[in-house]
There are 2 protein chains.
Amino acid sequence: MTTEPVGAERAVELARVFKALGDPVRLRLLSLIASHEGGEACVCELTGVFDLKGPTISHHLKVLKEAGLITGDRRGTWIYYRVSPDTLRGLADVLALDDAGVPA
Amino acid sequence: MTTEPVGAERAVELARVFKALGDPVRLRLLSLIASHEGGEACVCELTGVFDLKGPTISHHLKVLKEAGLITGDRRGTWIYYRVSPDTLRGLADVLALDDAGVPA
DNA sequence: CCTCTGTCTCGACATCCATCGAAACAAGGA
DNA sequence: TCCTTGTTTCGATGGATGTCGAGACAGAGG
């Protein structure tokens with residue numbers, strides 16, 4: 001087994017997503033969105049949870065969006081965010097592989 | 001459903017581990033260790049894979065170790081690292097919960 | 001048109017982080 | 001003991017990141 005399970009380029013992509021999860025606020029944002037009724041939440045419902053100003057929340061949501069972890073669409077005045085299950089599942093798969101050692 | 005699935009303190013712990021995974025080099029180190037014969041690898045076998053000096057590899061291994069993702073023990077001249085499956089599985093569980101939305 | 005509210009962008013600041021060279025520490029062998 | 005090799009720690013430096021205030025943009029409703 002000389003081949004590396006996680007290659008250099010793939011590691012860069014994965015690291016970008018894991019880095020997006022590497023902040024307590026973003027982790028809680030993702031959790032709040034995922035658990036919110038209907039699987040989506042607007043920014044106004046997320047901002048009040050933290051002792052952080054609007055621009056900071058907006059920044060974290062942008063990071064999550066650019067990592068492919070959430071998507072947002074505007075409906076009228078409000079912007080609703082929901083999680084992207086595929087990206088999350090991809091990460092879980094990688095962790096499972098690392099856990100199992102050498103893959104099939 | 002007003003309770004937050006991932007609370008504030010737990011988010012801090014989880015973020016620390018995800019942050020450790022948020023670097024391409026550390027991701028590949030973890031992968032290399034996990035896939036190496038016997039489930040363990042010594043630093044000398046890891047250093048040559050990257051265009052990085054010894055201190056940098058040592059630093060990344062320290063970050064992984066402090067995150068609880070790997071353990072290292074010295075046997076004679078060499079130090080062997082192996083992955084901690086429990087920590088990895090814990091992360092996979094969290095991702096699965098976020099994916100599923102509201103947990104059971 | 002104006003205003004109000006929700007959200008984002010921009011620019012700044014302090015802090016953190018990845019990387020390295022130099023030096024220290026650990027273990028084995030001459 | 002000294003030397004050599006493997007690994008870590010220390011200190012420094014350039015670049016990334018979290019946070020915020022001020023302002024801009026978008027949409028709804030007078």
Side-chain angles (χ1 to χ4, degrees), chain A residues 6 8-9 11-33 36 38 40-67 69-82, chain B residues 6 8-9 11-33 36 38 40-67 69-82:
Chain A
V6 176
E9 320 80 26
V12 173
E13 304 169 14
L14 286 171
R16 194 158 18 228
V17 186
F18 278 122
K19 196 182 314 185
L21 293 176
D23 182 282
V25 175
R26 288 196 287 268
L27 229 31
R28 293 176 65 192
L29 281 172
L30 196 68
S31 169
L32 285 167
I33 296 170
H36 198 268
E40 64 182 10
C42 83
V43 183
C44 60
E45 297 167 311
L46 300 170
T47 304
V49 178
F50 306 88
D51 281 339
L52 295 170
K53 305 301 180 183
T56 302
I57 301 295
S58 186
H59 162 68
H60 285 304
L61 289 171
K62 184 180 181 182
V63 171
L64 288 172
K65 187 162 66 175
E66 287 177 349
L69 287 164
I70 60 175
T71 60
D73 82 305
R74 170 163 235 143
R75 288 203 293 279
T77 303
W78 297 278
I79 301 180
Y80 293 88
Y81 286 96
R82 63 172 56 238
Chain B
V6 177
E9 320 81 28
V12 173
E13 303 170 13
L14 286 171
R16 197 165 6 235
V17 185
F18 278 122
K19 196 182 313 186
L21 293 175
D23 182 283
V25 175
R26 288 196 288 267
L27 230 31
R28 292 176 66 193
L29 281 172
L30 196 67
S31 169
L32 284 166
I33 295 170
H36 198 269
E40 63 182 11
C42 83
V43 182
C44 61
E45 297 167 312
L46 300 170
T47 304
V49 178
F50 305 89
D51 281 339
L52 295 170
K53 305 301 179 183
T56 302
I57 300 296
S58 186
H59 162 69
H60 286 305
L61 289 171
K62 184 180 180 181
V63 172
L64 288 173
K65 187 162 66 175
E66 287 177 348
L69 287 165
I70 61 175
T71 59
D73 81 304
R74 170 164 237 142
R75 288 204 292 280
T77 304
W78 298 278
I79 300 180
Y80 293 88
Y81 285 96
R82 62 173 56 238

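In what follows, chains carry the letters A, B, and so on, assigned in the order in which the sequence lines appear, proteins first and then strands, with residues in each chain numbered from 1.
- Close to D:dA22, at under 4.0 Å from its OP1 or OP2, lies no side-chain N or O of A:Lys53.
- Between A:Asp73 atom CG and D:dG27 atom C1' there is a gap of 14 Å when expressed in whole angstrom units.
- Under the 3.5 Å distance criterion, the side-chain polar atoms of A:Thr47 are left unmatched by any main-chain donor or acceptor of A:Gly54.
- Phosphate proximity of C:dA18 to B:Thr56: absent, as no side-chain N or O sits under 4.0 Å from OP1 or OP2.
- Looking at A:Arg82 and A:Thr71, their side chains come closer than 4.5 Å, going by heavy atoms from C-beta outward.
- To the nearest angstrom, P of C:dT15 lies 17 Å from CG of A:Asp23.
- When the local axes at the two ends of the helix from C:dC1-D:dG30 to C:dA30-D:dT1 are compared, using 5 base pairs at each end, they differ in direction by 10° after rounding to 10°.
- Atom-to-atom, NE2 of A:His60 to P of C:dT9 comes out at 15 Å; the value is rounded to the nearest Å.
- Among A:Arg26, A:Arg28, A:Lys65, the single residue meeting the side-chain hydrogen bond (donor to acceptor under 3.5 Å, both in side chains) criterion with A:His60 is A:Arg26.
- Note: CZ (B:Phe18) to C1' (D:dT17) measures 19 Å, nearest angstrom.
- Between B:Val43 and B:Trp78, every side-chain heavy-atom pair lies at or beyond the 4.5 Å cut-off.
- Here the C1' atom of nucleotide C:dC20 and the CG atom of B:Asp51 are 14 Å apart, to the nearest Å.
- For A:Glu66, there are no salt bridge (charged side-chain N to carboxylate O under 4.0 Å, His left out) partners two or more places apart in sequence or in a different chain.
- When heavy atoms are screened at a 4.0 angstrom cut-off, B:Arg26 is found touching the sugar-phosphate backbone but no base atom.
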Polar atom pairs between nucleotides 7-10 of chain D and protein, under 3.5 Å, N or O only, would you list them?
from	atom 1	to	atom 2	distance (Å)
D:dT7	OP2	B:Cys44	N	2.8
D:dT8	OP1	B:Tyr81	OH	2.4
D:dT8	OP2	B:Ser58	OG	3.1
D:dT8	O5'	B:Ser58	OG	3.2

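- Atom-to-atom, NZ of B:Lys19 to P of D:dA16 comes out at 17 Å; the value is rounded to the nearest Å.
- In this structure, CG of A:Leu64 is placed 14 Å from P of D:dT17, rounded to the nearest angstrom.
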